[in-house]
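Taking it in order: structure first as structure tokens, then the write-up.
Chain naming here is simple, since letters A, B, ... match the order of the sequence lines and numbering starts at 1 in each.
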Amino acid sequence: MLDTTFDHAKAEARLYEAWERSGAFRPKDDPAAEPYCIMIPPPNVTGTLHMGHALNNTLQDVLVRFERMRGKAVLWQVGTDHAGIATQMVVERQLAQGGMNLSRRDLGREEFLKRVWAWKEQSGGQISNQLRRLGASCDWSRERFTMDEGLSAAVRTVFVGLYNAGLLYRDKRLVNWDPHFETAISDLEVENIEVQGSMWRIAYPLADGSGEVIVATTRPETMLGDLAVGVHPKDERYAHLVGRMVRLPLVGREIPIIADEYFDPDKGTGCVKITPAHDFNDFKVGRRHGLGLLNIFDSRARLNEHAPAAYRGLDRYAARTRILAELEAQGLLRGEDRQTMTQPHGDRSGVVIEPWLTDQWYVDAQTLAARAIAAVETGDTIFVPKNWEKTYFEWLRNIEPWCVSRQLWWGHRIPAWYAPDGSVFVAHSLAEAQAGARAKFGADVALVQDEDVLDTWFSSGLWPFSTLGWPQETPEYHRFYPTSVLVTGFDIIFFWVARMMMLGLQFTDKVPFSTVYIHALVRDERGQKMSKSKGNVIDPLELIDAYGADALRFTLASMAAQGRDIKLARQRVEGYRNFGTKLWNAARFTQMNECTLWDAFDPADVKETVNRWIVSEAVTAARAVSAGLEALRFNEAAGAIYDFTWGVYCDWYLELIKPILNGDDEAAKAETRRTAAWTLDQILKVLHPFMPFVTEELWGRLSEFGPARKRLLINEPWPVYPDSLLHPDAASEIDWVIRLISEVRSTRAEMNVPAGAKIPLLLVGADPESGLRLERYQAEIDRLARLEYSTTASEAPPGAVVIAFEAASIALPIADVIDIASERTRLEKEYKRLAADIGKIEAKLANPEFLKRAPEEVVAEQHERLADTQATRAKVGAALARLDTISG
RNA sequence: GGGCGCGUAGCUCAGCGGGAGAGCACCACGUUGACAUCGUGGGGGUCACAGGUUCGAUCCCUGUCGCGCCCACCA
């Protein structure tokens with residue numbers, strides 16, 4: 001016999017192990033089965049499970065379990081990402097805190113990488129174990145890591161392929177430079193943050209001493225690298241100065257005043273300093289005007305040897321302070337305005353990004369984007385919800401070259417080798433590069449490999465096919481690529497989704513997935529993105545410990561509606577834990593009532609109305625769940641099974657069958673027991689994708705007194721029912737009973753009928769069925785609503801209030817009504833409201849346009865509604881009349 | 001500056017042109033042989049505001065206000 005609650009803490013690990021041992025997580029080996037594949041967005045190998053992971057993987061697991069039960073050969077490809085900067089950052093911090101205050105350079109590349117691998121080995125299992133805690137049924141036997149040999153080979157193949165196709169090149173230009181990590185980063189890794197800053201006005205004297213111009217800048221320290229001053233050609237204030245020279249303060253260099261349409265007369269003073277090596281716009285202007293480049297920063301944004309001696313070695317902000325002081329002293333600082341401005345920050349380091357001139361590798365993203373755009377335009381890949389396509393298009397249509405090299409050590413080393421003369425050989429291996437060099441030089445030359453590694457997202461972008469063995473033609477690749485659905489958050493549409501589309505199409509000629517499901521972000525209470533660096537993370541594991549994985553999963557699935565961020569409420573998780581308990585106790589009830597399974601049971605054979613009704617309802621609910629999941633409407637699917645389980649099966653069915661189970665009709669009793677057990681089984685199956693643990697446990701435990709289960713629930717086929725199991729007649733009859741009981745209950749409560757007292761009921765209805773139904777359901781109705789009834793008017797107690805229920809009437813002993821005045825007020829209010837409702841409906845039904853244009857079923861519905869409302873009003877009116885009789 | 005989204009019950013949110021919903025919270029009653037992690041009943045909403053389209057608008061369109069996010073080279 002079951003206990004009164006499900007002990008999730010004890011059961012979850014055991015059940016998970018049983019699933020894994022059964023082989024359920026691996027795709028079934030049936031060539032006839034339709035393949036279904038989801039690629040996990042690989043979490044950082046050294047990361048921990050946060051709420052975003054919990055949501056993301058819950059949704060994937062719901063789909064995967066659903067499709068597996070539907071008989072498909074399901075592969076949920078799992079693995080982790082090496083997460084270049086993030087991981088290197090963690091290990092560097094460990095080093096720095098290790099007592100010796102070591103930097104990675106102190107260790108050297110080889111030793112440092114050993115440490116990173118050691119850290120990966122040590123902490124890499126954590127995220128996997130946490131996914132297991134969540135119940136994720138991914139195929140661990142195929143777990144991959146972006147720096148596995150196979151995936152690394154794919155990276156090299158793609159790099160060489162892009163290079164040979166002319167889609168990848170080395171270029172010297174300004175990049176976003178992170179002075180903390182001392183590496184280039186891509187545009188996407190830059191966060192523009194609004195900060196309070198200043199704009200200073202600085203006088204630059206004309207070289208001939210005949211005057212000065214005032215430039216405005218937010219970055220005075222870069223003036224040491226100024227190569228010109230710019231004005232708009234039509235700006236009358238400065239027209240006469242164009243072509244003349246100014247003497248750069250503190251430096252003494254003479255630089256020209258140039259004119260360019262780019263300069264905005266309305267901004268600042270209309271006169272701007274040009275620093276081509278330290279500003280993206282100035283770089284372009286400088287190139288147009290042949291100004292050259294003067295780099296004044298080193299890799300840590302300290303002033304270098306190109307700055308005047310007094311400033312060399314200073315940090316950029318220290319230099320700023322000193323420069324402002326010196327300008328002030330010389331009387332050249334002409335003002336400071338406080339203002340808000342956006343400043344670029346490294347998304348990992350948090351420091352201000354410096355535009356810096358370096359050699360980097362770039363991918364020609366614009367060319368690759370064309371197919372990625374077309375594939376979504378033609379519907380080869382669709383986004384759900386669809387509006388994300390706009391975001392995707394917008395970004396791809398304005399895409400800039402993708403800087404893929406990073407001056408880090410942790411990652412895929414760039415497969416490019418340099419000869420002493422600087423010529424480059426991009427190849428799959430050193431040997432291949434050497435062969436290339438030999439062909440070029442006619443002799444062996446010493447080659448040095450590029451020191452840099454690739455952007456983490458370069459390898460992530462290959463994930464859908466590299467994990468399947470590409471570039472080798474593996475059976476898995478042929479079977480599961482392109483994949484079915486990608487489930488991810490909108491925050492990585494650019495980082496990841498777009499890159500997979502571009503690289504997938506380029507190298508496989510196929511879209512990597514046919515559907516992209518974009519879910520909301522789980523945010524903190526202020527609507528901010530949860531992230532480890534902000535420290536505002538809610539720990540899903542703590543919720544799992546407290547309420548069980550099922551409760552957390554169900555919460556997330558039911559909140560995965562489109563269009564709103566998720567702010568997680570703890571009480572909601574608790575509510576769904578209670579749902580699990582409710583289900584558990586329903587199962588306990590069936591056990592106590594010997595509702596054992598019967599192998600030969602056929603739901604088509606049931607005779608009792610209440611049983612035909614629940615079969616019909618179960619079919620309807622299961623279909624709603626299927627439809628919801630097919631449409632990726634997780635909240636609707638979850639809602640459908642929740643409502644059926646609690647609101648229909650527990651609240652009504654189990655209550656209505658109690659009289660049968662306690663009665664003498666053995667045939668009805670046997671049928672009801674079997675139906676109750678069968679229906680519960682349907683609930684377990686349909687609920688399983690959402691709440692795998694409690695359903696699996698019950699699936700096992702419920703066979704204690706019946707036939708043994710053939711297999712674990714996770715391996716059960718998803719229920720599909722014929723339409724013949726739908727019974728509208730039974731549905732309408734039980735619906736009548738439910739409404740009668742609800743009505744009586746409500747009346748009892750409102751009229752303060754004492755709990756023990758029974759309500760005399762008088763039937764005077766025109767519906768000849770009413771009496772029969774009442775007779776038929778007497779036991780149930782009496783039990784649930786506690787009423788007595790009579791079928792003739794003469795038996796009604798004298799002085800009773802008559803309240804109509806549909807065609808029947810209920811007579812109540814008025815003596816039990818405590819406050820006639822307040823009851824009267826209430827009824828009058830109700831009476832008026834109903835009159836208004838009736839007016840509205842009648843007006844609608846009298847409107848010829850409505851009758852002409854509205855669909856037939858809508859008109860019929862309104863007629864029904866009118867009749868219902870009128871009947872209710874008559875009932876209330878009668879009650880009012882009786883009140884008058886009594887009190888008057 | 002451009003784009004996306006959101007404003008529905010005290011709170012967290014569903015609602016996909018035709019009678020305003022759920023969970024929690026609140027109030028009352030209930031310990032009835034599955035379940036107090038429960039049951040029954042109840043109170044509570046000009047669906048942000050203003051126009052428009054429609055026979056009919058919480059839902060579609062436009063505008064306004066408030067909030068959030070993304071993108072962007074605003075000296």
- Less than 4.0 Å between a side-chain N and a carboxylate O, is that true for A:R219 and A:E354? yes

- Sort out the partner of B:A34 for me: Watson-Crick or G-U wobble, both distances under 3.5 Å, none otherwise. none

- Message: Using the P atom as the point on both nucleotides, what is the distance between B:G19 and B:U37, in whole Å?
- Response: 39 Å

- Which of A:W395, A:Y392, A:W402, A:F393 passes ring pair (Phe, Tyr, Trp, His ring centres under 6.0 Å) with A:F494? It is A:W395

- Note on the structure: Of the candidates B:A72, B:C55, B:U37, the side chain of A:R853 sits closest to B:C55

- Item | Atom-to-atom span, CH2 of A:W395 to C1' of B:C71 - whole angstrom | 11 Å

- Item | Interatomic distance at P, B:A36 relative to B:U32, whole Å | 10 Å

- Item | Base B:A72 to side chain A:E394, donor-acceptor N/O within 3.5 Å cut-off | no

- Note on the structure: Side-chain contact check for A:F263: nearest option of B:A75, B:G19, B:A72 is B:A75

- Query: So what does A:T391 touch, heavy atoms closer than 4.0 Å: a base, only the sugar-phosphate, or nothing?
  - Reply: nothing

- Message: Whole angstroms only, please: what is the CD-C1' distance between A:E655 and B:C38?
- Response: 11 Å

- Task: Please figure out whether A:T869 or A:F579 has its closest RNA chain B nucleotide nearer the 5' end.
- Result: A:T869

- Return the value, rounded to whole Å, for the distance between atom CG of A:N635 and atom P of B:C13. 14 Å

- Between B:G15 and B:C47, how far apart are the C1' atoms? Round to whole Å, please. 10 Å

- Query: Which nucleotide sits closest to the side chain of A:R572: B:C71, B:C13, B:G18?
  - Reply: B:C13

- Query: Has the side chain of A:K582 got a donor or acceptor that lies under 3.5 Å from a partner of the other kind on the base of B:C35?
  - Reply: yes

- Message: When you compare the side chains of A:H8 and A:D550, does any donor N or O come within less than 3.5 Å of an acceptor on the partner?
- Response: no

- Message: Counting only Watson-Crick pairs (N1-N3 plus N6-O4 or O6-N4) and G-U wobbles (N1-O2, O6-N3), all under 3.5 Å, who is the partner of B:A72?
- Response: none

- Message: Within the 4.0 Å heavy-atom criterion, would you say A:Q591 contacts the bases, only the backbone, or no part of the nucleic acid?
- Response: nothing

- Query: To the side chain of A:N192, which of B:C73, B:A75, B:G18 is closest?
  - Reply: B:C73

- Task: Under 4.0 Å between any heavy atoms, over every strand shown, what does A:G270 touch: base, sugar-phosphate, or nothing? Just pick one.
- Result: base

- Task: Please state how far atom NZ in A:K840 lies from atom P in B:C55, giving the value in whole angstrom units.
- Result: 20 Å

- Query: If we call it a pair only when both distances are under 3.5 Å in a Watson-Crick or G-U wobble match, what pairs with B:G19?
  - Reply: none

- Nearest-Å distance for atom pair CZ/C1', residues A:F495 and B:C71: 12 Å

- Under 4.0 angstrom between A:R865 side-chain N/O and B:G19 OP1 or OP2: yes

- Task: Check whether any side-chain N or O of A:Q571 sits under 4.0 Å from OP1 or OP2 of B:A25, and answer yes or no.
- Result: no

- Message: Starting the side chain at C-beta, find the nucleotide from B:C13, B:U40, B:A75 nearest to A:D651.
- Response: B:U40

- Looking at A:W584, A:F579, A:Y547, which one forms a ring pair (Phe, Tyr, Trp, His ring centres under 6.0 Å) with A:F6? A:W584

- Query: Taking only side-chain nitrogens and oxygens of A:N578, does any of them come within less than 4.0 Å of OP1 or OP2 of B:C38?
  - Reply: yes

- Check whether any side-chain N or O of A:W646 sits under 4.0 Å from OP1 or OP2 of B:G39, and answer yes or no. yes

- Return the value, rounded to whole Å, for the distance between atom CZ of A:F490 and atom C1' of B:G68. 10 Å

- Message: Using the C1' atom as the point on both nucleotides, what is the distance between B:U12 and B:C71, in whole Å?
- Response: 30 Å

- Message: Any carboxylate oxygen within less than 4.0 angstrom of a Lys/Arg side-chain nitrogen, looking at A:K273 and A:D282?
- Response: no

- Quantified in whole Å, what is the P atom distance between nucleotide B:G7 and nucleotide B:C60? 11 Å

- Message: Pairing check on B:G5: which nucleotide meets the Watson-Crick or G-U wobble criteria with it, both distances under 3.5 Å?
- Response: B:C67

- Could you check which nucleotide pairs with B:G41 in any of the strands shown, counting Watson-Crick or G-U wobble with both distances under 3.5 Å? B:C27

- Task: Using whole Å, report how far CG of A:L851 lies from P of B:C55.
- Result: 13 Å

- Item | Selected nucleotide, minimal atom distance to A:Q339 side chain, candidates B:A75, B:A72, B:C55 | B:A75

- Task: Indicate whether the side chain of A:E189 and that of A:S186 have a donor and an acceptor atom separated by less than 3.5 Å.
- Result: yes

- Message: What's the closest nucleotide to the side chain of A:M559 if the choices are B:C4, B:U12, B:C55?
- Response: B:U12

- Item | Side-chain N or O of A:K273 closer than 4.0 Å to phosphate OP1/OP2 of B:A75 | no

- Task: Using distance alone, with no hydrogens and no angle criterion, decide if A:Y576 and A:S558 have a side-chain donor and acceptor under 3.5 Å apart.
- Result: yes

- If you pin A:T269 and A:F589 to their nearest nucleotides in RNA chain B, which one's is more 5'? A:F589

- Query: Under 4.0 Å: is that the gap between some side-chain N or O of A:K390 and OP1 or OP2 of B:C70?
  - Reply: no

- Item | Polar side chain donor-acceptor pair, A:T340 to A:E194, under 3.5 angstrom | no

- Pairwise C1' distance, B:C61 and B:G45 [rounded to whole Å]: 25 Å

- Where along residues 279-288 of chain A does a heavy atom fall under 4.0 Å from RNA chain B? A:N281

- Item | Heavy-atom side-chain proximity of A:D264 to A:V272 below 4.5 angstrom | no

- Can you tell me how far P in B:A57 sits from the matching atom in B:U64, rounded to whole Å? 23 Å

- Message: Categorize A:P855 for me: base, sugar-phosphate, or nothing, with a 4.0 angstrom heavy-atom threshold over every strand shown.
- Response: base

- Message: Going by salt bridge (Lys or Arg N to Asp or Glu O under 4.0 Å), name the pairs with one or both residues in residues 834-850 of chain A, residues two or more places apart or in two chains.
- Response: A:R833-A:D837, A:E849-A:K852, A:E849-A:R853

- Query: Name the one of A:F383, A:F634, A:W388, A:F490 that satisfies ring pair (Phe, Tyr, Trp, His ring centres under 6.0 Å) with A:Y517?
  - Reply: A:F634

- Item | Span that lies between the P atom of B:G21 and that of B:A9, in whole angstrom | 14 Å

- Note on the structure: Partner of B:A57 under the Watson-Crick or G-U wobble criteria, both distances under 3.5 Å, comes out as none

- Task: Check every atom of B:A75, B:G18, B:A34 against the side chain of A:D264 and return the nucleotide holding the closest atom.
- Result: B:A75

- Task: Return no unless some side-chain N or O of A:R588 is found under 4.0 Å from OP1 or OP2 of B:A34.
- Result: no

- For A:R865 and A:Q862, test the side chains for any donor-to-acceptor distance below 3.5 angstrom and give the result as yes or no. yes

- Query: When the distance from CG of A:L656 to C1' of B:U32 is rounded to whole Å, what number comes out?
  - Reply: 16 Å

- Message: Both distances below 3.5 Å, Watson-Crick or wobble geometry, any strand: find the nucleotide opposite B:A14.
- Response: none

